[in-house]
Amino acid sequence: MNEDRSASLLSSVVEGLVTRGWVCLDGFLGETEARELASESLEAWEGGDFRRAGVGRGENLTVREDIRRDHVLWLDPENAGPATRAYLDRLEALRGAINRELFLGLFEYEGHFAVYPPGAFYKAHLDRHKGTADRVVTAILYLNDGWLPEHGGRLKIWTEAGRQDGPFEHVEPRMGTLVVFLAGDYWHEVEMAHATRMSVTGWFRVRGA
């Protein structure tokens, strides 16, 4: 992807955060980049490296199948494949762009591959754990080639900050699509998937919150 295209995409993310608090961009990653990243996720999935996702944090982390049924693999930059490292570099550029315009003090990204097998879902939630404030901006990249409406698995995001009973939009989890939003403000859920659904989900964090 050329520098002008990359800079334009970063500007679009920042503009969306400033004007609406959330943004959805098709083609944030080019087809080749996205396919390579999807291949690394799929290889790890087929190799048994994923674990059941839980609800809560630390000692309070529990598996709750009534709330979520996805599987995750946390990203380790030191041992990541080339496509994952390249994506993390893109996210670092995005972190810098957000900080320059919004002065949020974001200092790092943490994230994981996520796989939703058929029948998996994640009920409505916020991405900021109760009693914490470190996760400030959520970034979700979808890795599903040839995704069709009948495959389900849409992201439902309520578009008024702090509300779960107002207007909302649906996002199809198509290959290379990026969704970014303020983590503590926007309720969202993953509707039940009817085919294996993959993504990279993560958060830009601040220190000491």
Q. With no hydrogens and no angle check, is any side-chain donor or acceptor of Asn99 less than 3.5 Å from a backbone partner on Leu106?
A. yes
Q.
Between Arg85 and Pro77, is there a side-chain heavy-atom distance shorter than 4.5 Å?
A. no
Q: Hey, can you tell me if Tyr122 and His125 have their rings parallel, tilted or perpendicular (30° and 60° cut-offs)?
A: parallel
Q.
For a quick test of reading the model, state the closest non-hydrogen atom pair linking Asp66 to Phe121 and the distance between them.
A. O-CE1, 3.6 Å
Q.
Nearest 0.5 angstrom please: His194 NE2 to Leu148 CG, how far?
A. 12.5 Å
**Q.** Closest non-hydrogen atom pair between Thr196 and Pro118, with its separation
**A.** OG1-CD, 3.7 Å
Q: Using a 4.5 Å cut-off on heavy atoms from C-beta on, say whether the side chain of Leu88 contacts that of Tyr109.
A: yes
(Q) Other residues, nucleotides and ligands only: do more than 12 of their heavy atoms fall within 6.0 Å of CD on Glu101? (A) no
Q.
Please say yes or no: joined through hydrophobic side-chain contacts below 4.5 Å, possibly via intermediate residues, are Val18 and Val136 part of one cluster?
A. yes
Q. Is Arg205 positioned over the aromatic face of Trp203, cation under 6.0 angstrom from the ring centre and no more than 45 degrees off axis?
A. no
Q. Does some side-chain heavy atom of Leu73 sit less than 4.5 Å from a side-chain heavy atom of His112?
A. no
Q. Do the side chains of Val72 and Leu37 join up, straight or via other hydrophobic residues, at under 4.5 Å, putting them in one cluster?
A. no
Q.
Before you tell me yes or no, could you show the steps for Trp22 and Thr138 under side chain to side chain contact (heavy atoms under 4.5 Å, CB included), namely the whole-Å CA-CA distance, both residues' side-chain angles and the distance that decides it to 0.1 Å?
A. CA-CA 9 Å; Trp22 74 281; Thr138 297; over 6 Å; no
Q: Give a yes or no on whether a salt bridge exists between Glu110 and Arg135, defined as a side-chain N under 4.0 angstrom from a carboxylate O.
A: yes
Q: I would like to know whether Glu15 and Arg20 meet salt bridge (Lys or Arg N to Asp or Glu O under 4.0 Å); could you show each step before the answer?
A: CA-CA 8 Å; Glu15 181 182 359; Arg20 295 191 298 173; over 6 Å; no
Q. Do you know which two heavy atoms are closest between Val206 and Gly105, and how far apart they sit?
A. CG1-O, 3.6 Å
Q: Cation-pi check, Arg163 to Trp158: give yes when NZ or CZ is under 6.0 Å from the six-membered ring centre and within 45° of the ring axis, no otherwise.
A: no
Q: Evaluate the side-chain proximity of Leu75 to Tyr87: yes if any heavy-atom separation is below 4.5 Å, no if none is.
A: no
(Q) Are more than 12 heavy atoms, taken from residues, nucleotides or ligands other than Glu43, located less than 6.0 Å from that residue's CD atom? (A) no
Q) If you draw the axis of the six-membered ring of Phe107, does the NZ or CZ of Arg207 fall within 45° of it and under 6.0 Å from the ring centre? A) yes
Q.
When you compare the side chains of Glu172 and His151, does any donor N or O come within less than 3.5 Å of an acceptor on the partner?
A. no
Q | Euclidean distance, Arg52 CZ relative to Arg69 CZ, rounded to 0.5 Å | A | 8.0 Å
Q: Over all heavy atoms of both residues, which pair between Gly16 and Val23 is shortest? Give the atoms and the distance, please.
A: CA-CB, 3.9 Å
Q) Distance from Ile140 atom CD1 to Thr201 atom OG1, nearest 0.5 Å? A) 5.0 Å
Q: Any chance you could lay out the side chain to side chain contact (heavy atoms under 4.5 Å, CB included) test for Asp70 and Val115, step after step, and finish with the verdict?
A: CA-CA 6 Å; Asp70 56 319; Val115 170; over 6 Å; no
Q: Verify side chain to side chain contact (heavy atoms under 4.5 Å, CB included) between Glu191 and Lys156, making sure each step is shown before the conclusion.
A: CA-CA 7 Å; Glu191 297 176 345; Lys156 180 179 181 180; 4.2 Å; yes
Q: Search all heavy atoms of Gly153 against all heavy atoms of Pro173 and return the closest pair with its distance.
A: O-CG, 3.5 Å
(Q) Using a strict threshold of under 4.0 Å (side-chain N to carboxylate O), is an ion pair present between Lys123 and Glu189? (A) no
Q. How long is the span from the CE atom in Met175 to the CG atom in Leu143, to the nearest 0.5 Å?
A. 6.0 Å
Q: List in chain and number order the residues that pass ring pair (Phe, Tyr, Trp, His ring centres under 6.0 Å) with Trp45, two or more places apart in sequence or in another chain; answer none if no residue qualifies.
A: Phe50, His71
Q. Below 4.0 angstrom, N of the basic side chain to O of the carboxylate: do Glu33 and Arg90 qualify?
A. yes
Q. Looking only at heavy atoms, what is the nearest atom pair of Arg35 and Asp145, with distance?
A. NH1-OD2, 2.6 Å
Q) If you group Ile, Leu, Val, Met, Phe, Trp and Tyr by side-chain heavy-atom gaps below 4.5 Å, do Leu10 and Leu104 land in one group? A) yes
Q: Examine Leu91 and Tyr142 and state if one hydrophobic cluster contains both, with Ile, Leu, Val, Met, Phe, Trp and Tyr joined whenever side-chain heavy atoms are less than 4.5 Å apart.
A: yes
Q) Are the side chains of Asn144 and Thr177 in touch, meaning some heavy atoms are under 4.5 Å apart? A) no
Q | Glu169-Thr159 side chain donor-acceptor pair, cut-off 3.5 Å | A | no
(Q) If I take atom OG1 from residue Thr62 and atom CD1 from residue Ile67, how far apart are they, to the nearest 0.5 angstrom? (A) 7.5 Å
Q: Could you state whether Val55 and Leu126 fall into the same hydrophobic cluster, counting links through intermediate Ile, Leu, Val, Met, Phe, Trp or Tyr residues with side-chain heavy atoms under 4.5 angstrom apart?
A: no
(Q) For the residue pair Arg197 and Tyr116, would you count it as a cation-pi contact if the rule is NZ or CZ under 6.0 angstrom from the ring centre and within 45 degrees of the ring axis? (A) yes
Q. Does any non-hydrogen side-chain atom of Trp187 lie less than 4.5 Å from one of Phe181?
A. no
(Q) Within the 4.5 Å heavy-atom criterion, are Phe113 and Thr84 side-chain neighbours or not? (A) yes
Q.
Has Arg51 got a side-chain atom pairing as donor or acceptor with Gly48's backbone, closer than 3.5 angstrom?
A. yes
Q. How about Gln164: does its CD atom have over 12 heavy atoms from other parts shown lying under 6.0 Å from it?
A. yes
(Q) Is there a side-chain contact between Val137 and Leu182 in this structure, where contact means two heavy atoms from C-beta onward sitting under 4.5 Å apart? (A) yes
Q. In Å and rounded to the nearest 0.5 Å, what is the CG to CE distance from Leu42 to Met198?
A. 5.0 Å
